[in-house]
K.L.:
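Sharing a structure, written as structure tokens. Questions coming.
Computed from a predicted model, the values in this text were never measured in an experiment.
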Amino acid sequence: MLPDVSIIVPCFNVAAYIDICLESLTRQTLRNIEIICINDGSTDNTWNCLLRWQMKDGRIILLNQSNAGVSAARNAGLDAARGRYVGFADPDDYADPEMYGRLLSGALEHDADVVECGNHVFSDTTAELIASRRRSPAWNFEPDASPANFFRDSVWGKMDICVWSKLFRRSMLETHRLRFHADLKRGGEDETFRLTVLPHASRLLFIPDCLYYYRLMRRGSLSRHCDDITHAQCVQEFRRLLYIVDYWKEHGWLNAGLFAYGVRKLKPFFISKHPLFNRMTSPQKRIILAWWHEFYRKAGGDIFLSTLSERDRQLADLLNAVPPPPNGFSRILLLAGSCLPGQKGRYYSCKRILSTHLSDVPPFSGLPEISGQRPD
């Protein structure tokens, strides 16, 4: 008998954590499951731990591969999965015993393509639940979801970017050949997957029960380094957005919501308390502006610019036309504006950087010179 649910667990150097995760998965009240663990080139004792667990529970399937990243590991799990629905678990987290049974029950009752539950967050150092990080939006079912509702009153807005709190109908993933973007290895994997999967899913269910336990700030995890954003990661974010834009254009989904989403994802690079753009060298700044123009063109900026909020529209206008170098009086005005609080001051700070350092340098006419570069 084929399993009801396949649970995919990518594993890399998690020997200290995997026991808790697999204990929670093997004790699920839903018994007809398979647990696919992919050892992604671990250099610690992870593989031996997985072998020990497979001896204890025959529902555990082991795959072993050279280190290729979490997306490649999950894709290997998807290729091996046989369940009616597919879920993902991170190896340093754990699940409520009823999680997959509750998710499957809701999915079958509503014939849902994607179903998600709420989640708890716990501290890596103390194991205590962090109440302020708990996610539990109200129950909602959408029987006719559409990309046109992106960023509107939709279950889309309730669903988290992470894949570990969801079940996906496997036939939907196979029909549309949906997989993770294997080149993304420094963040954005889950969100990219979400934005290629959800437009294909017409029936979305959210249940508020907090059934997944997410470990916050594990030692050695990528989340510890997310504040140290580099120029290469900024370029990767542009590549990620352009990948999504191209996918949506290919399927005829491109709309104002996706353009606004992209602008909001890019905005912190230019306007924040400590924007990365200000710390870049002049050549790096010009490269990032070239990527901005490519995103603006492909995402339909000329069509959708007027739909942005006032602040986002001002930023887009600023990046589209670098202001001339300031004279004495305008330089004083820019300095004064940069001292204003909040978004307004950050906008003037970005304008000052652009006009002072880039106004006298011809911009790139395209991306041929840098498209071959890959993020570090």
K.L.:
Under 3.5 Å, is there a donor-acceptor pair between the side chain of D124 and the main chain of R215?
P.N.:
no

K.L.:
What pair of heavy atoms forms the shortest contact from R179 to L173, and how long is it?
P.N.:
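Answer, listing the atom of R179 first, then L173: NH1-O, 4.3 Å.
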
K.L.:
Is it true that E294 and R297 have a side-chain N and a carboxylate O under 4.0 angstrom from each other?
P.N.:
yes

K.L.:
If you take the centroid of each ring, where Trp contributes its six-membered ring, are F270 and F277 closer together than 6.0 Å?
P.N.:
yes

K.L.:
How about S171 and E174: does a side-chain donor come under 3.5 Å of a side-chain acceptor?
P.N.:
no

K.L.:
Exactly one of F193, W253, F168 should register a ring pair (Phe, Tyr, Trp, His ring centres under 6.0 Å) with H200. Which one does?
P.N.:
W253

K.L.:
Under 4.0 Å between a Lys/Arg side-chain N and an Asp/Glu carboxylate O for R74 and E189?
P.N.:
no

K.L.:
Heavy atoms only: give me the nearest P208-S136 pair and the separation to one decimal.
P.N.:
O-OG, 2.7 Å

K.L.:
Within the distance-only criterion (no hydrogens, no angle test), does the side chain of E34 pair as donor or acceptor with the backbone N or O of R82 below 3.5 angstrom?
P.N.:
yes

K.L.:
Aromatic rings W164 and Y214: how do their planes relate, parallel, tilted or perpendicular, breaks at 30° and 60°?
P.N.:
parallel

K.L.:
Are the aromatic ring centres of F122 and Y94 under 6.0 angstrom apart?
P.N.:
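Centroid distance F122-Y94: below 6.0 Å, so yes.
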
K.L.:
I'd like to know if E116 pairs up with R194 as an ion pair, taking the criterion as any Lys NZ or Arg NE/NH1/NH2 lying under 4.0 Å from an Asp or Glu carboxylate oxygen.
P.N.:
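The answer is no: the pair does not qualify as a salt bridge.
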
K.L.:
Given Y100, which partner from the list L211, L25, D4 fulfils the side chain to side chain contact (heavy atoms under 4.5 Å, CB included) test?
P.N.:
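Passing option: L25.
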
K.L.:
Please confirm whether the backbone N or O of V163 pairs with a side-chain atom of D190, one donor and one acceptor, at under 3.5 Å?
P.N.:
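Yes: the side chain of D190 pairs with the backbone of V163.
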
K.L.:
Given N13, which partner from the list T43, N45, N67, N39 fulfils the side chain to side chain donor-acceptor pair (under 3.5 Å) test?
P.N.:
T43

K.L.:
Could you walk me through whether D90 and Y212 pass the side-chain contact (heavy atoms from CB on, under 4.5 Å) test, one step at a time?
P.N.:
CA-CA 10 Å; D90 283 354; Y212 190 88; 3.7 Å; yes

K.L.:
State, yes or no, whether a side-chain contact exists between L78 and L178 at a heavy-atom distance under 4.5 Å.
P.N.:
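They are not in contact (no side-chain heavy atoms under 4.5 Å apart), so the answer is no.
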
K.L.:
Can you say whether the rings of F304 and F259 are parallel (under 30°), tilted (30 to 60°) or perpendicular (over 60°)?
P.N.:
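The arrangement is tilted - the two ring planes meet at 30° to 60°.
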
K.L.:
Any idea which heavy atoms bring R170 and A81 closest together, and the distance?
P.N.:
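Nearest heavy atoms, R170 then A81: NH1-O, 3.3 Å.
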
K.L.:
Please evaluate residues L276 and Q233 with respect to the criterion side-chain contact (heavy atoms from CB on, under 4.5 Å), reporting the C-alpha separation (whole Å), side-chain torsions for both, the decisive distance (0.1 Å), and the verdict.
P.N.:
CA-CA 10 Å; L276 172 66; Q233 287 171 282; over 6 Å; no

K.L.:
Go through the steps for W53 and L62 under the test side-chain contact (heavy atoms from CB on, under 4.5 Å), then give the verdict.
P.N.:
CA-CA 10 Å; W53 271 99; L62 300 187; over 6 Å; no

K.L.:
Scan side-chain atoms only and decide if N255 and W248 contain a donor-acceptor pair under the 3.5 Å cut-off.
P.N.:
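No.
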
K.L.:
Contact between H251 and P199 at the side-chain level, heavy atoms closer than 4.5 Å - yes or no?
P.N.:
no

K.L.:
Which heavy atom of N278 sits nearest a heavy atom of S349, and at what distance?
P.N.:
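Scanning both residues, the minimum pair turns out to be ND2-OG, 3.6 Å.
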
K.L.:
Below 30° counts as parallel, above 60° as perpendicular, anything between as tilted: where do the rings of F295 and W292 land?
P.N.:
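The arrangement is tilted - the two ring planes meet at 30° to 60°.
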
K.L.:
Is there side-chain contact between L254 and I303, with at least one heavy-atom pair below 4.5 Å?
P.N.:
no

K.L.:
Looking only at non-hydrogen atoms, find the nearest pair between A73 and P10 and report the distance.
P.N.:
CB-CB, 3.8 Å

K.L.:
Supply the atom-to-atom distance C339 SG to Y348 OH, rounded to the nearest 0.5 angstrom.
P.N.:
12.5 Å

K.L.:
Judged by atom type as modelled, is there a donor-acceptor pair below 3.5 Å linking the side chain of N32 to the main-chain atoms of L2?
P.N.:
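Side chain of N32 to backbone of L2: a pair is present.
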
K.L.:
For a quick test of reading the model, state the closest non-hydrogen atom pair linking S71 to F180 and the distance between them.
P.N.:
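Of all heavy-atom pairs spanning S71 and F180, the closest is CB-CB, 3.7 Å.
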
K.L.:
Taking R59 for the side chain and I36 for the main chain, is one N or O donor matched with an acceptor at less than 3.5 Å?
P.N.:
no

K.L.:
Should the pair K166-D113 be classified as a salt bridge under the 4.0 Å nitrogen-to-oxygen rule?
P.N.:
no

K.L.:
Quick one: does L205's side chain get under 4.5 Å of W139's, heavy atoms only?
P.N.:
yes

K.L.:
Whether the side chain of S202 engages the backbone of D144 through a donor-acceptor N/O pair (distance < 3.5 Å, no angle test) should be reported.
P.N.:
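The answer is no, because no donor-acceptor pair under 3.5 Å joins these two groups.
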
K.L.:
Could you go through the side-chain contact (heavy atoms from CB on, under 4.5 Å) check for H176 and T196 one step at a time?
P.N.:
CA-CA 10 Å; H176 301 290; T196 54; over 6 Å; no

